[in-house]
J.: 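Could you have a look at this structure, given as C-alpha cells, before my questions?
Chain naming here is simple, since letters A, B, ... match the order of the sequence lines and numbering starts at 1 in each. Source: prediction; values computed, not measured.
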Protein chains: 2
Amino acid sequence: MNIGETSRASGVSVKMIRYYESIRLIKSPLRTESGYRVYSDNDVHTLRFISQARDLGFSVEQMEDLLALWRDRSRASGDVKAIALQHIDALQEKARALQAMSDTLQHLADHCQGDDRPECPIIEGFASAVAPEAKKRQPRFGVTGIDPRAHSH
Amino acid sequence: MNIGETSRASGVSVKMIRYYESIRLIKSPLRTESGYRVYSDNDVHTLRFISQARDLGFSVEQMEDLLALWRDRSRASGDVKAIALQHIDALQEKARALQAMSDTLQHLADHCQGDDRPECPIIEGFASAVAPEAKKRQPRFGVTGIDPRAHSH
DNA sequence: GTAAGCCTTCCAACGGTTGGAGGGTCAAGA
DNA sequence: TCTTGACCCTCCAACCGTTGGAAGGCTTAC
C-alpha cells in the first residue's frame, strides 16, 4: 500500500504521515526499489489511532505514551493503568479549563441585551476585568492543548 | 510610560506588546527622541482588554473584531454577543469531545486493571473507533482558538 | 565613569500542518 | 512505443502566538 492509499485509509494526510515519520512517532516503512513508502494494514490502524488522539488535542509527546499504551498489551497492567490515569487527569483538566472559559463568556453574554444599543457587558467585562498584578504569568494555553490556528491558508 | 512599565501595568509581556504592534493589532505608539515607545493609560486599557480576550481563547483574528467593536461606540451589542455565543459553542463542543475521550480512557483503565492477559478488546475498539471516510477534514483546532503549546521551552 | 537595567532591532525556535518547487515513477490509453 | 496524468520523492518556507537570545544604544544611580 503506498502513501496515498494509506492516507485515504487512515484519514491522515500524506504530508502528516511523512511528518510523523520524520519525528519518529511512527517507524520508517519499507521502500520499493524506486523509493516509494510501503505500508501495511497495521500501519493504517496505527495512523487511525493517531488521528483520533490528535483530534482530541493530544500533543505528539503524549501520543507517544498513548501509542505505547496501545501497543504494549503484554505490559504489567499496573503500569498501563498509571499511564491511562495520567492522561485522564490531563483530559479532565483540559475539559475543565475549557468549561471555565465557556462559563465566563456565558456569564457575560447573559448580561448582554444583544440588541442594537451600544451598552455591552461582554466588552466592559473584557476591558476592566482583571488586575494584572494578580495574574500569574504561566503558559497561557498550556493546560488546554488546543491550537489557535483559525484558518487554513 | 515606557514599554516595561506598560507591560507590568497591563499583564502583557514586552515581547508580546511589540508583536501585537508588528501585526497591527495595536497601533504604533509615539517614540521618545531616543526611540523608546511611549504609552498612555488608554493603551494599557487596550492591552488589558487583549490579554483578557486571549485568556478566554479568542484568536488574534477574533480580537480584531472585538477591538473594533469595543472602540466603535455605535456598535450593536448584538454583534458582540453573536461572536461570544459562537465562541461558547466551540468551547462547549471541545470540552465535550475531551470528556468523551476521557471516558473512553477511563473505561480502558478499568478494564485493564489486574488483567495479565495480552488481549484487550477495548483498546482495539479505541484504535479503530472512527471510520476515516466519515471524518470531514477541517481545520483541526480552528474553532476554539486555543494553543497546544504544553511547555514554555 | 561605570555598572545595572532599561530599551532597540533582528533572527530563530517551538508544535502541527500545509503549500509549493523541482524532479522521478507508474499505469493507462493512443 | 510514446505520451499523459496521477502518483511519489525530498527540501524549503510559511502560518500562528510566544519566547529566547544576540548585539547594541540609552538612562539612571552610585
Side-chain angles (χ1 to χ4, degrees), chain A residues 1-26 28-39 47 50-51 53-64 137-153, chain B residues 1-9 11-26 28-39 47 50-51 53-64 135 137-153:
Chain A
M1 205 192 290
N2 65 23
I3 200 171
E5 207 176 339
T6 305
S7 170
R8 285 185 295 274
S10 66
V12 179
S13 74
V14 168
K15 288 276 188 187
M16 288 314 297
I17 293 175
R18 287 196 278 248
Y19 171 70
Y20 290 147
E21 181 186 338
S22 78
I23 61 169
R24 312 205 160 198
L25 182 64
I26 59 177
S28 298
L30 297 176
R31 304 280 187 129
T32 64
E33 278 183 26
S34 52
Y36 284 21
R37 288 170 177 82
V38 177
Y39 295 94
L47 285 168
I50 289 171
S51 172
R54 289 295 303 139
D55 278 348
L56 289 161
F58 280 94
S59 70
V60 167
E61 206 173 23
Q62 289 171 317
M63 280 196 299
E64 286 171 17
R137 299 297 303 174
Q138 59 189 1
R140 199 184 289 268
F141 302 118
V143 199
T144 54
I146 311 179
D147 191 330
R149 262 166 290 108
H151 51 269
S152 45
H153 54 92
Chain B
M1 208 193 289
N2 65 23
I3 200 172
E5 208 175 339
T6 305
S7 169
R8 284 186 294 274
V12 178
S13 74
V14 168
K15 288 277 190 187
M16 288 314 297
I17 293 175
R18 287 196 277 248
Y19 172 70
Y20 289 147
E21 180 186 338
S22 78
I23 62 170
R24 312 205 163 201
L25 182 63
I26 58 178
S28 299
L30 297 176
R31 304 281 186 129
T32 64
E33 277 182 26
S34 52
Y36 284 21
R37 289 170 176 83
V38 177
Y39 295 94
L47 285 168
I50 290 171
S51 172
R54 291 290 303 140
D55 279 348
L56 287 169
F58 284 91
S59 71
V60 167
E61 205 173 24
Q62 290 170 315
M63 280 196 301
E64 284 172 20
K135 277 176 61 176
R137 299 299 302 176
Q138 59 189 3
R140 200 182 290 268
F141 302 119
V143 201
T144 54
I146 312 182
D147 190 328
R149 265 166 286 105
H151 50 271
S152 45
H153 54 90

J.: When rounded to the nearest 0.5 angstrom, what distance separates CE in A/Met1 from OH in A/Tyr39?
T.: 11.0 Å
J.: If you compare every side-chain N and O of A/Arg31 against the phosphate oxygens of C/dG24 (OP1, OP2), does one of them come in below 4.0 Å?
T.: no
J.: Just the rounded figure in Å: distance from P of D/dC7 to CG of A/Asn2.
T.: 9 Å
J.: Taking all heavy atoms of A/Leu47 and all of A/Ser10, pick out the closest pair and write down the distance.
T.: CB-CB, 3.6 Å
J.: Rounded off to whole Å, could you give me the CD-to-P distance for the A/Glu5 and C/dC26 pair?
T.: 15 Å
J.: Can you check whether any acceptor in the base of D/dG17 is under 3.5 Å from a donor in the side chain of B/Tyr20, or vice versa?
T.: no
J.: Nearest nucleotide by nearest heavy atom, which residue falls closer to the 5' end of DNA chain C, A/Met63 or A/Glu33?
T.: A/Met63
J.: Pair A/Ile17, A/Thr6 - check side chain to side chain contact (heavy atoms under 4.5 Å, CB included), show working.
T.: CA-CA 9 Å; A/Ile17 293 175; A/Thr6 305; 4.2 Å; yes
J.: Counting only side-chain nitrogens and oxygens, does A/Arg18 get under 4.0 Å of the OP1 or OP2 atom of D/dC12?
T.: no
J.: Could you walk me through whether A/Thr32 and A/Asn2 pass the side chain to side chain contact (heavy atoms under 4.5 Å, CB included) check?
T.: CA-CA 9 Å; A/Thr32 64; A/Asn2 65 23; over 6 Å; no
J.: Tell me every residue that passes side chain to side chain donor-acceptor pair (under 3.5 Å) with A/Glu21, counting only those two or more places apart in sequence or in another chain.
T.: A/Ser28, A/Arg37
J.: Below the 4.0 Å mark, does D/dC8 have OP1 or OP2 next to a side-chain nitrogen or oxygen of A/Thr32?
T.: no
J.: Mind checking if A/Ile3 touches a base, just sugar-phosphate, or nothing, with heavy atoms under 4.0 Å?
T.: sugar-phosphate
J.: For C/dC7, take OP1 and OP2 only and decide whether either is under 4.0 Å from a side-chain N or O of B/Arg37.
T.: no
J.: Classify A/Val14 by what it touches in the nucleic acid, base, sugar-phosphate, or nothing, heavy-atom distance under 4.0 Å.
T.: nothing
J.: Find every protein N or O atom lying less than 3.5 Å from an N or O atom of nucleotides 1-4 of chain C, and list the pairs.
T.:
none

J.: Rounded to the nearest angstrom, tell me the gap between atom CD in A/Glu64 and atom P in C/dG15.
T.: 11 Å
J.: Please figure out whether B/Tyr36 or A/Ser34 has its closest DNA chain C nucleotide nearer the 5' end.
T.: B/Tyr36
J.: Is it the case that C/dG15 (base atoms only) and A/Tyr19 (side chain only) share a donor and an acceptor within less than 3.5 Å, ignoring hydrogens and angles?
T.: no
J.: Starting at atom CD1 of B/Ile23, determine the distance to atom P of D/dT19, rounded to an integer number of angstrom.
T.: 13 Å
J.: For the residue pair A/Gly11 and A/Ser51, what are the closest heavy atoms and their distance?
T.: O-OG, 4.2 Å
J.: Calculate the interatomic distance between A/Ile26 atom CD1 and C/dG16 atom C1'; express it in whole Å.
T.: 14 Å
J.: With distance as the sole criterion, do the side chain of A/Lys15 and the base of C/dG20 form a donor-acceptor contact below 3.5 Å?
T.: yes
J.: Nearest whole Å is fine: how far is D/dC7 C1' from A/Met1 CE?
T.: 16 Å
J.: Between P on D/dG17 and CD1 on B/Ile17, what's the gap in Å once rounded to a whole number?
T.: 16 Å
J.: Could you tell me which residues satisfy side chain to side chain donor-acceptor pair (under 3.5 Å) with B/Ser22, sequence neighbours excluded, listed by chain and number?
T.: none
J.: What is the minimum heavy-atom distance between B/Arg31 and B/Val38, and which atoms define it?
T.: C-CG2, 4.4 Å
J.: Quick one: A/Ile50 CD1 to C/dT17 C1', roughly how many Å, whole number?
T.: 15 Å
